[in-house]
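Down below is the structure, laid out as structure tokens.
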Amino acid sequence: MTERERYQPKAIESKWQQQWEANELYRARVDWSKPKHYAVTMLPYPSGDLHIGHWFAMTPSDARARYMRMKGFNVLFPMGFDAFGLPAENAAIQRGIHPAEWTYKNIERMRGQLRSMGTMFDWQRETVSCDPDYYKWTEWFFKLFYENDLAYHGEALVNWSEALQTVLANEQVIDGKDERLGQPVIQKMMTQWFFRYKRYADELLEFDTIDWPDPIRIMQTNWIGRSEGAKVTFKTEAGDPIVVFTTRPDTLWGATFMVLSPEHDLVEKITTEAQRQAVSEYVARAARETEIERTAENREKTGVFTGAYAINPVNQARIPIWIADYVLITYGTGAIMAVPAGDHRDFDFARKFDLEIVPIIQPEGEQFDGATMTEAWEGAGYMINSGAFNGTYSNGDKGRKNPAISAVIDWIEEQGIGKESVNYRLRDWLISRQRYWGAPIPIVYRQDGTTEAVPDDKLPVELPTDVKITGVGNPLAQDARFVNTVDSQGKPARRETDTMDTFMCSSWYFLRYLSAHYQAAPFDPEEAAYWLPVDVYTGGAEHATMHLLYARWFIKAMRDLGIFDDATAIMRQHGRNADGLFDEPFRLLRNQGQILGEERRGDTIVATGRFEGSKLVASRVEVIGDDANKAQAALAAERESVTTDATPTAESVLGGERVVGEIIKRTENILNVNQNGDLIPVEVPTDAEIIIPNIPGPNTVNQLRHHLEIQRMSKSKGNVVNPDELVEQYGADTVRAYLMFGFDWVKGGPWDSQNIQGVVRWLNDVWELVTAGAPARASGDPAAERHIERRVHQAVLKVSSSIEAFSFNTAVAALMTLKNDLRAAFREGKIGTDAWREAVRAMLLLMAPITPHVAEEMWNRLGFPYSIHQQDWPQYDAAKAAEEETTLVIMKNGKPIDRVPVPVGIGEEEAKRLALESSGARRVLNGDQPKKLIFIAGRGNVEPKINIVI
RNA sequence: GGGGUUGUGGUGGAACGGCAGACACGGAAGUCUUAAAAACUUCUGCUCGCAAGGGCGUGUGGGUUCGAGUCCCACCAACCCCA
């Protein structure tokens, strides 16, 4: 046997990447004669290194885009960088590198890494959100919204660090202190820019025209949090109105006190002298707490009485006004009516501070008494203590669907004390960020304090480059040359020093791809008319409620401001129906899961303790799995002790009974340990002594758990899988194929460095099979050739439908099966030259989207015309895929009992006859008649079946 | 507390309501080799049986159906989001 060249991915991959680029193979150009397909995968933040997670997100998306291209679509599949944000500023503070320098260096490096994937990105359309060329248009959009009443100036709480003289993001605040100096952070009201997000709340609840995963739709719906109810005006004794929103107007008569948020405007005014000190102390304390802390459900309720009273408008009851931190100024009106009998939080509060409880909804057969109730009743029941409404049934539904609520709303509207109202959990979009590395907000403050937008010809407001970033104060606010400017009248004015939320940049980047260098507008309407909307968007589900909702808002706002009018007109000129095409940015959305760190398994532990039944309750657990020799020694010692001392007792081993073995599984604090083949559960109580190598000092159960955990990859945990190393070792095609084969794409899962062998072997086998050359015999055995043709067409169907359904693992599995079939046929040696060449040709085409380099190389070696990526996808032929013979499965009550070979398409009568004649049927029937026979016809690859009902 | 997602061999994972475990990894035995690796062949859900063959199996318990991993109800567990 002659020595053939082995598969060496390194040599071929860079060769083809260069050639594809030189030939502009993946340039996407408008071509109205072809159907378009616009596929986008979420763009990365330029953190400096491409993560295996990027590969997992991008390469299957790339495979699908390549598939669509071979199917005849004109495909646009671009890439860019979401390049503004906090890490660049942190790098500047820590290492003195300018954010721009840090960012562009990272981008340069990541471009190279992205190219190594062998994706079909059209790099001429690359966009970088921190380029002035890009953020000019981000500013322009701000201005557009500002001028059309979609942007406004308002107050919001921020995390303020007095020490750093700056506003911090939530993730920069740890336990109420800033992460850098550990100095206190307080909640402070500041004037900021908002977009009118809520204006589109109802439209954002509509998902009828888009194909998005259910979990995302549900999360967005919950995030928007539409609730129907009423606004009711209470008055203080002094006559100041306090408006509250309630979803339960039917419980108004049970409102026995009111609670204001500590930040509420009226607090200062209504607080009595006697309560003033307690109130101001409480307000100061609330300012130090985050919203999450304040609203934590299991937290002890706190609050202070203001000394003031309000009048309940439905029954004129005089009720005390309290302040409490669980009422948020940002939700609803910042004030609530408290109905302790009907709301568990109000109930807890009332019991704690000994406030009155008046039952107002009572289910059949109950006799509630406010003094003795042990919990609030939030369900259905009859109204009591509610004046004229007594006896009305409240059915537990929300809004107008509840007749009691409906009747009360009508009544309070008549009385002029309230109004039907809809409240949203969604808040307006706060886009101001008090930091340097973002797109400047193009606003100037005139001397009189009013605002005006920077004129278009002065856009972009560029970030000054020679600033010092120290982490103290806002660099832009400290830069006099930036701050001092003139307004449109030429009078001295002050520039806005806040920059924009980076979600603003990422809300429209898929439009900039259309014409990355277009100067006249954010995008070229000619390109937009052809490519929009995005047909497929892929990315992580973690963006469910932020990015994906902002992008939807953005496109709706743009549509209403006429930004797509030109594109719509061009579409119509080309005879395309433009209706509704700009209502949503992404027609189809799919989320991939996350690749987790490699699971630790096989860790050997020595657990000492006492058996309780079959379970060992450990007092000491030592992990020795990191050291293979030590683990072996411990296992050997254990075997020794078992053989020499047949019945180990508590006394036989120092420290009590013990279990030595490999951890197979962990649930909470129970470890399942394999000791010489037996699975023994070991419970690890919190006070157990735990020894983990590499973690010095006494360890806790949590550390043990953490140590054994499947976990997110992070540098600190040392379990990062570096794609560059994998590419170096296996080649890009293997890494691509493994990521597609080894996981359910939607689920993701822990990395497994062993499983990649399957893909390595697959590509080696394919390589050998193809380079072995075609069989010499010109004509082969017709049956064998028919068989391989059938298998090829079955593979065409399976690979196509799998890729379309984002089921990449089954696509690769089908390709592996085809390889196995081809290899078996090759060994049999009954295939002629032409049939063989045709089969191999089809297999390479099917592989091209998944392993683009090796497919191109083999295609080239077989003498087919360049490039494989410009070929048509193999045409599926059902007749060629059809089997001639199949198996009739005979079942008894749904359980298979026998099978007989039958021709495909067997009829019902024939099948029944064969079934009853089968030995399996005769055995189970034992001479009796079946109750019923059910025939299930075969279809596709599914065999016909007969169910014998007995 | 509310909402969501997911529970299938030792592992990753397949299965329009129709033969559960495709395709792989790992493992076992064998072939080749001085040896090892690689490669190849066979076996590999559990269980009873020498075998032929049987029984049990998709987190648990019910239900719908001729037939349930798949649909419905309840429960348990893990994970995620919200509060």
Side-chain angles (χ1 to χ4, degrees), chain A residues 6 213-223 225 291-299 326 328 331 344-345 378 425 541-542 544-546 591 593-594 596 599 601-602 662 664-668 670 674 677 679 709-712 737-738 741-762 764-765 768 798 801-802 805 807-820 823 827 886-899 919-920 923 930-950:
Chain A
R6 296 189 41 158
D214 281 342
I216 302 288
R217 301 179 355 180
I218 291 162
M219 278 190 264
Q220 293 202 345
T221 302
N222 292 340
W223 185 261
E291 214 164 272
I292 292 158
E293 287 164 2
R294 284 172 57 164
T295 51
E297 189 84 359
N298 48 6
R299 181 168 185 253
Y326 75 92
L328 302 176
Y331 183 78
H344 67 281
R345 296 203 300 185
E378 297 181 350
R425 207 196 67 97
E542 67 273 19
T545 50
M546 308 282 268
N591 302 115
Q594 203 168 34
L596 303 166
E599 188 171 5
R601 33 170 192 226
E662 187 183 342
I664 299 301
K665 205 177 169 182
R666 180 195 68 81
T667 319
E668 285 296 291
I670 309 278
N674 175 0
L679 265 195
E709 209 80 64
I710 309 168
Q711 47 199 209
R712 268 177 107 117
Y738 175 51
F741 177 66
F743 306 84
D744 172 349
W745 195 60
V746 174
K747 267 170 65 185
W751 178 258
D752 186 328
S753 51
Q754 212 166 33
N755 268 343
I756 197 170
Q757 274 314 318
V759 176
V760 171
R761 286 184 194 135
W762 169 49
N764 277 326
D765 287 353
E768 294 201 358
K798 183 67 190 163
S801 59
S802 293
S807 175
F808 302 102
N809 52 354
T810 53
V812 178
L815 286 167
M816 288 176 168
T817 305
L818 180 61
K819 178 269 292 178
N820 291 341
R823 190 168 58 175
R827 286 186 182 152
T886 185
T887 308
L888 175 68
V889 178
I890 299 150
M891 302 188 288
K892 178 194 96 175
N893 295 337
K895 292 254 183 250
I897 50 168
D898 207 347
R899 26 188 82 75
S919 62
R923 180 167 51 78
K931 266 193 207 149
K932 215 191 305 186
L933 286 181
I934 300 209
F935 174 68
I936 305 115
R939 78 192 114 75
N941 299 333
V942 182
E943 292 78 3
K945 294 172 188 74
I946 288 283
N947 193 14
I948 302 173
V949 185
I950 293 178

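The basis for the numbers below is simple: all heavy atoms, side chains too, and nothing from hydrogens, waters or symmetry mates. Within every chain, numbering begins at 1; the chains are lettered A, B, ... in the order of the sequence lines, protein sequences first and strands thereafter.
Rounded to the nearest 0.5 Å, atoms CG (D744(A)) and CZ (F808(A)) are 11.0 Å apart. The distance from the CG atom of N809(A) to the NZ atom of K747(A) is 10.0 Å, given to the nearest 0.5 Å. One finds the NZ atom of K931(A) at 13.5 Å from the CD1 atom of I948(A) (value rounded to the nearest 0.5 Å). Going from atom CZ of F741(A) over to atom CG of N755(A) covers 8.0 Å, rounded to the nearest 0.5 Å. One finds the CD1 atom of I756(A) at 12.0 Å from the CZ atom of R761(A) (value rounded to the nearest 0.5 Å). The line from CD1 of I946(A) to CG of D898(A) is 12.5 Å long, rounded to the nearest 0.5 Å.
With sequence neighbours excluded, the residues forming a salt bridge (charged side-chain N to carboxylate O under 4.0 Å, His left out) with D765(A) are K819(A), R823(A), listed by chain and number. Every side chain to side chain contact (heavy atoms under 4.5 Å, CB included) that T886(A) has, sequence neighbours left out, goes to V902(A), V904(A), E943(A), P944(A). By the ring-ring contact (aromatic ring centres under 6.0 Å, His included) test, Y738(A) pairs with F743(A), W751(A), sequence neighbours left out.
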- [ ] Using a 4.0 Å heavy-atom cut-off, write out nucleotides 17-33 of chain B from 5' to 3' as B (base contacted by protein), S (sugar-phosphate only) or - (no contact).
- [x] -BBS-BBSSS-------
Open item on the list: Base contacts versus sugar-phosphate-only contacts with protein, heavy atoms under 4.0 Å: please encode nucleotides 42-49 of chain B as B, S and - from 5' to 3'.
Closed with: --------
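Summarising the geometry, the separation between CH2 on W223(A) and C1' on A83(B) is reported as 11 Å, rounded to the nearest angstrom. For the pair M546(A) CE and C81(B) P, the computed distance is 12 Å after rounding to whole Å. Regarding L328(A), its CG atom lies at a distance of 15 Å from the P atom of C82(B), rounded to whole Å. Rounded to whole Å, the distance from CD1 on I950(A) to C1' on C66(B) is 12 Å. Regarding K747(A), its NZ atom lies at a distance of 9 Å from the C1' atom of G12(B), rounded to whole Å. Atom CE of M219(A) and atom P of C80(B) are 13 Å apart (whole Å). Between K892(A) atom NZ and U65(B) atom P there is a gap of 20 Å when expressed in whole angstrom units. We find that CD1 of I897(A) is positioned 14 Å from C1' of G53(B), with the value rounded to whole Å.
When both pairing distances are held under 3.5 Å, G26(B) makes a Watson-Crick or G-U pair with U44(B). With both pairing distances under 3.5 Å, G9(B) is matched to nothing as a Watson-Crick or G-U wobble pair. Base-pair partner of G17(B): not found among the strands shown (Watson-Crick or G-U wobble, both distances under 3.5 Å). G67(B) makes up no base pair with any nucleotide shown, lacking Watson-Crick or G-U wobble contacts both under 3.5 Å. Remark: U31(B) base-pairs with A39(B). Criterion, Watson-Crick or G-U wobble with two distances under 3.5 Å. With a cut-off of 3.5 Å on both pairing distances, the Watson-Crick or G-U wobble partner of C79(B) is G4(B).
To the nearest whole angstrom, the two C1' atoms, one in A74(B) and one in A20(B), are 25 Å apart. Taking atom P in both U11(B) and A22(B), the straight-line distance is 15 Å, to the nearest Å. The separation of U64(B) from C72(B), taken at their P atoms, amounts to 15 Å, rounded to a whole angstrom. G57(B) and G7(B) have their C1' atoms separated by 16 Å, given to the nearest Å. Comparing G45(B) with A51(B), their P atoms are spaced 15 Å from each other, to the whole Å. With P as the reference atom, G18(B) and G13(B) are 22 Å apart, rounded to whole Å. Spacing between U70(B) and C19(B) at atom P, rounded to whole Å, works out to 14 Å. A37(B) and U47(B) have their P atoms separated by 29 Å, with the value rounded to a whole Å.
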Result block: side-chain N/O donor-acceptor pairs under 3.5 angstrom for residues 214-221 of chain A, not counting sequence neighbours:
unit_1: Q220(A); atom_1: OE1; unit_2: R552(A); atom_2: NH1; d: 2.8
unit_1: Q220(A); atom_1: NE2; unit_2: A544(A); atom_2: O; d: 2.8
unit_1: T221(A); atom_1: OG1; unit_2: R217(A); atom_2: O; d: 2.7

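Within the 4.0 angstrom heavy-atom criterion, only backbone atoms of the sugar-phosphate kind lie near G748(A); the bases stay farther away. In this structure, R217(A) reaches neither bases nor backbone, as no heavy-atom distance under 4.0 Å exists between it and the strands shown.
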Task: V949(A)/N893(A) under side chain to side chain contact (heavy atoms under 4.5 Å, CB included): CA gap, chis, key distance, verdict - done: CA-CA 5 Å; V949(A) 185; N893(A) 295 337; 3.9 Å; yes
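Out of U41(B), G54(B), C82(B), the shortest distance to the side chain of R827(A) is found at U41(B).
Nucleotides of RNA chain B nearest to T545(A) and D744(A) differ in position, and the one nearer the 5' end is that of D744(A).
In this structure, the side chain of R425(A) engages the main chain of W223(A) through a donor-acceptor pair within 3.5 Å.
Residue R345(A) places no side-chain N or O under 4.0 Å from the OP1 or OP2 atom of A83(B).
Nucleotide G9(B) carries a syn base; the chi torsion (O4'-C1'-N9-C4 or O4'-C1'-N1-C2) is within 90° of 0.
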